[in-house]
Amino acid sequence: QVQLVESGGGSVQAGGSLRLSCAFSGYSNRRPCMGWFRQAPGAEREGVAWIYTGTGTTYHAESVKGRFTISQDNAKNTVYLQMNSLKPEDTSLYYCAAGRRCTVIPADFDYWGQGTQVTVSS
């Protein structure tokens with residue numbers, strides 16, 4: 001029933017921008033925390049940004065502050081990740097996730113999308 005579908009990934013040059021989208025449905029008990037995580041080959045999954053969809057409160061990892069911005073459009077049940085000033089080290093599979101609370105721990109999130117690839121070339 002719960003579905004999360006990411007889109008917007010692609011290949012860009014360093015310094016470029018992308019906007020990722022996550023359309024979610026079926027999480028009806030309460031307004032979830034929606035988070036963006038990323039995982040590069042051989043690396044652990046790390047949190048990037050989060051939003052409490054009921055309040056609009058946002059959090060961003062230090063590594064992306066000032067470059068990435070999470071936002072939502074509740075009318076469309078969609079969360080976005082605007083990614084500016086992209087760096088090669090941002091290259092990863094990006095996942096959106098839904099959970100009760102915004103935490104840095106992937107296991108705290110109950111539902112995940114399939115991921116969208118972001119590749120940044122130098």
With sequence neighbours left out, the residues meeting side chain to side chain donor-acceptor pair (under 3.5 Å) with Q114 are none
Rounded to the nearest 0.5 angstrom, the CZ-CG distance for R31 and N74 is 4.0 Å
- Out of curiosity, does M34 fall in the hydrophobic cluster containing V2 (side-chain heavy atoms, cut-off under 4.5 Å, transitive links)? yes
To the nearest 0.5 Å, atom CD of E6 lies from atom CG of L4 at 7.0 Å
Step by step, would you call T78 with Q72 a side-chain contact (heavy atoms from CB on, under 4.5 Å)? CA-CA 6 Å; T78 300; Q72 66 178 349; over 6 Å; no
Residues passing the side chain to side chain donor-acceptor pair (under 3.5 Å) test with T55, sequence neighbours excluded, are T57
query: When clusters are formed by joining ILVMFWY residues with side-chain heavy atoms under 4.5 Å apart, either directly or through shared neighbours, do V120 and V64 land in the same one?
result: yes
Single-linkage hydrophobic cluster Y52~F37, side-chain heavy atoms < 4.5 angstrom = yes
Name every donor-acceptor pair, under 3.5 Å, that has one atom in a side chain of residues 8-26 and the other anywhere in the protein, sequence neighbours excluded.
| from | atom 1 | to | atom 2 | distance (Å) |
| --- | --- | --- | --- | --- |
| S17 | OG | N84 | OD1 | 2.9 |

The salt bridge (charged side-chain N to carboxylate O under 4.0 Å, His left out) partners of E44 (sequence neighbours excluded) come to none
Shortest non-hydrogen pair, A49 vs L81, comes out as CB-CD1, 4.0 Å
Applied to residues 45-57, the salt bridge (charged side-chain N to carboxylate O under 4.0 Å, His left out) test, sequence neighbours excluded, yields R38-E46
Between the OG1 atom in T69 and the CD atom in Q82, the distance rounded to the nearest 0.5 Å is 7.0 Å
ask   = Is a donor on one side and an acceptor on the other found under 3.5 Å between the side chain of S92 and the backbone of Y94?
value = no
Applied to residues 98-119, the salt bridge (charged side-chain N to carboxylate O under 4.0 Å, His left out) test, sequence neighbours excluded, yields none
> Under a 4.5 Å cut-off applied to non-hydrogen side-chain atoms, are I51 and V79 in contact?
Replying inline: yes
All heavy atoms of P32 vs all of A98, minimum pair found to be CB-CB, 4.3 Å
Are the side chains of F109 and W50 in contact, using a 4.5 Å heavy-atom criterion? yes
Salt bridge (charged side-chain N to carboxylate O under 4.0 Å, His left out) filter on K76, not counting sequence neighbours, yields none
Across all chains, not counting sequence neighbours, the side chain to side chain donor-acceptor pair (under 3.5 Å) partners of K87 are none
For F68, the ring-ring contact (aromatic ring centres under 6.0 Å, His included) test, sequence neighbours excluded, returns none
Sequence neighbours excluded, the answer for side chain to side chain contact (heavy atoms under 4.5 Å, CB included) partners of L93 is Y95, Q117
Applying side chain to side chain donor-acceptor pair (under 3.5 Å) to R67 and not counting sequence neighbours gives D90
dist I70:CD1 -> C102:SG (nearest 0.5 Å) comes out at 7.5 Å
Should Y111 and I105 be regarded as members of a common hydrophobic cluster, given that ILVMFWY residues are connected when their side-chain heavy atoms come within less than 4.5 Å of each other, either directly or indirectly? no
